[in-house]
Amino acid sequence: MGSGPSLDEQDYVRGGATQTAVKILVVGHFAVGKTTFIGAISEIAPLSTEETMTRAAEGVDDLKGVEGKTTTTVAMDFGRLTISDQVVLYLFGTPGQQRFVQMWEDMARGALGALVLVDPERLADSFAVIDLIEQYGLDYAIAVNHFDGSPLREEQALREALDLLDDTPVVTCDARDERSSAQALITLVRHLQERAH
Amino acid sequence: MSYGDELDSESAELVRPYVITKGRGLPDEEQLSLITLVTAADDDQRRPTRLSPEEQNLLDLCGAGYLSVAEIAGHTRLPLGVVKILLSSLTESGHLVTRPPVARAALADRQILEEVLNGLRAKFG
Ligand SMILES: Nc1nc2c(ncn2[C@@H]2O[C@H](COP(=O)(O)OP(=O)(O)OP(=O)(O)O)[C@@H](O)[C@H]2O)c(=O)[nH]1
Ligand SMILES: [Mg+2]
């Protein structure tokens with residue numbers, strides 16, 4: 001790495017000295033629209049980070065004996081939304097694979113909740129993701145990302161297929177649209193509020 | 001036989017993060033979470049230390065305001081684990097200050113959720 005990147009003023013957290021940072025996860029299976037969703041509402045160009053993992057899998061320390069270890073690079077992407085002078089919200093897009101345990105722990109720890117993006121044409125692909133979210137004890141709402149031309153399913157059929165609790169919200173959204181994505185997020189936060197009471 | 005001959009390209013790639021971090025272990029998770037906010041400290045708080053080029057780059061990046069740990073990793077394109085170790089060392093030497101997210105408590109959560117909801121509604125109608 002030569003000289004580091006230089007950033008514009010708006011790349012920095014506006015009220016960083018006083019703000020509390022919180023996060024919400026945007027999760028879903030491969031190609032369901034996570035990156036698109038985050039891009040639609042983030043105030044910064046979405047960023048991604050990568051984690052180098054070894055088979056032995058714990059921290060950089062283990063790299064001393066590098067022979068025979070494999071790496072996997074995992075990308076999680078994220079965006080940011082300044083909520084107020086007090087709160088800055090980060091959205092983390094998280095792939096639905098269970099094997100990235102360390103990354104899931106990092107992302108789930110302290111998260112307010114999760115928005116689960118679902119493609120109605122590939123419902124079965126969402127089972128594993130929902131299992132993971134429940135395993136980490138996160139409250140969630142379902143956002144059905146409606147791709148053009150795909151038929152709209154009956155909400156009740158979808159609830160049954162995904163085995164949802166009665167109070168788990170289900171909304172339809174277009175991940176490319178800012179307002180539509182924001183509405184899905186608002187639905188989640190209202191649900192989180194109800195759960196907090 | 002030179003040492004380098006034993007390394008195939010994949011393991012050479014692995015050595016690099018190890019070298020950059022001078023072999024230090026991962027810092028305390030609570031202190032440097034993904035959303036811990038980081039900025040450069042005032043000059044008078046810094047202990048005189050010789051910084052590596054990577055550390056100097058991070059310090060420069062954090063000089064103009066606050067960034068989250070995740071954003072720092074995103075902008076530098078360094079693996080998250082490496083970034084955490086470098087940030088931790090720069091914090092220890094007084095070059096950076098960190099603001100971990102507040103501990104979660106039910107009451108604080110309710111206030112924060114209220115704030116988030118109001119903020120989202122104000123922004124997106
Ligand atoms: N028509 C339509 N296309 C969409 C919508 N949301 C996403 N797409 C497209 O679907 C593709 C996948 O979207 P991504 O946002 O990359 O999905 P992802 O979940 O981030 O994918 P991975 O990170 O690879 O798992 C892209 O080509 C998007 O442009 C939508 O609501 N409608
Ligand atoms: Mg993506």
Side-chain angles (χ1 to χ4, degrees), chain A residues 1 3-7 9 11-17 19-23 41 44 47-52 54 59-61 63-64 66-67 69-71 73 76-78 80-84 86-90 92 106-107 109-110 112 178-179 182-183 185-186 189-190 192-193 196-197, chain B residues 6-7 10-15 17-18 21 23-26 29 33-37 39 53-54 56-58 60-61 64-68 70-71 73-83 85 99 101-102 104 106 108-110 112-125:
Chain A
M1 124 175 160
S3 65
S6 68
L7 302 183
E9 199 185 321
D11 290 323
Y12 290 93
V13 181
R14 203 206 301 145
Q19 274 169 324
T20 297
V22 295
K23 65 181 164 181
I41 45 184
I44 55 168
L47 290 163
S48 64
T49 74
E50 292 176 351
E51 191 83 74
T52 310
T54 63
V60 181
D61 257 354
L63 298 177
K64 269 173 275 188
V66 290
E67 314 79 23
K69 296 201 174 146
T70 53
T71 56
T73 318
M76 58 168 151
D77 42 15
F78 58 95
R80 183 181 81 200
L81 210 53
T82 302
I83 293 293
S84 66
Q86 280 84 45
V87 180
V88 58
L89 171 67
Y90 287 91
F92 283 91
D106 271 11
M107 280 196 285
R109 189 181 295 110
L112 295 177
E178 181 185 78
R179 282 179 68 98
Q183 275 312 317
L185 208 52
I186 286 171
V189 176
R190 286 184 51 192
L192 297 177
Q193 260 188 328
H197 277 297
Chain B
E6 292 172 26
L7 300 172
E10 189 188 61
S11 46
E13 228 169 76
L14 281 174
V15 167
Y18 179 75
T21 60
R24 286 176 293 238
L26 280 170
E29 182 51 43
S33 75
L34 287 170
I35 57 171
T36 292
L37 299 177
T39 196
E54 286 82 10
Q56 189 59 52
N57 277 346
L58 286 196
D60 292 346
L61 190 68
Y66 280 85
L67 290 171
S68 63
E71 284 170 296
H75 287 304
T76 58
R77 297 172 185 280
L78 286 169
L80 200 54
V82 173
V83 167
I85 291 167
R99 297 192 55 235
V102 288
R104 300 274 307 277
D109 265 14
R110 257 180 269 162
I112 283 170
L113 288 169
E114 179 83 35
E115 185 107 11
V116 171
L117 188 61
N118 291 339
L120 288 174
R121 281 183 171 144
K123 253 187 174 61
F124 300 106

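In what follows, every chain begins at residue 1, and chains take the letters A, B, ... in the order their sequences are listed. The analysis underlying the following values was restricted to heavy atoms, covering all of them including side chains, and did not include hydrogens, waters or symmetry mates.
The contact between A:L47 and chain B is made entirely by side chain atoms (from C-beta outward), counting heavy-atom distances below 4.5 Å. With a threshold of 4.5 angstrom between heavy atoms, A:L192 approaches chain B through its backbone and through its side chain. Only the side chain of A:Q183 comes within less than 4.5 Å of a heavy atom of chain B; its backbone N, CA, C and O stay farther away. Both the backbone and the side chain of A:I41 come within contact range of chain B, each with at least one heavy atom under 4.5 Å from a heavy atom of that chain. Both the backbone and the side chain of B:E71 come within contact range of chain A, each with at least one heavy atom under 4.5 Å from a heavy atom of that chain.
B:L34 has its side chain out of reach of A:T49: every pair of non-hydrogen atoms, C-beta onward, lies at least 4.5 Å apart.
Here the CD atom belonging to A:Q19 is positioned 11.5 Å from the CD1 atom belonging to B:I35, to the nearest 0.5 angstrom. Annotation: the span from B:D109 atom CG to A:Q193 atom CD amounts to 11.0 Å, rounded to 0.5 Å.
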In residues 115-125 of chain B, what donor-acceptor pairs under 3.5 Å come from side-chain atoms, sequence neighbours left out?
from: B:E115; atom 1: OE2; to: A:S84; atom 2: OG; distance (Å): 2.7
from: B:N118; atom 1: ND2; to: B:E114; atom 2: O; distance (Å): 3.3
from: B:K123; atom 1: NZ; to: A:T82; atom 2: O; distance (Å): 2.6

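Among the candidates A:D11, A:T20, A:V87, A:L7, the residue making the largest number of heavy-atom pairs closer than 4.5 Å to chain B is A:L7. For chain B, the option among A:A182, A:A21, A:S48, A:A17 with the highest count of heavy-atom pairs below 4.5 Å is A:A17.
Heavy atoms only, all atoms of each residue included: A:G16 and B:L37 are closest at O-CD1, 3.8 Å. Summarising the geometry of B:A70 relative to A:F78, their closest heavy-atom pair is O-CZ, 3.0 Å, with the distance given to 0.1 Å. Shown here for B:S68 and A:V13, the closest heavy-atom pair between the two residues is N-CG2, 4.5 Å.
A search for ring-ring contact (aromatic ring centres under 6.0 Å, His included) contacts involving A:Y90 returns nothing, not counting sequence neighbours.
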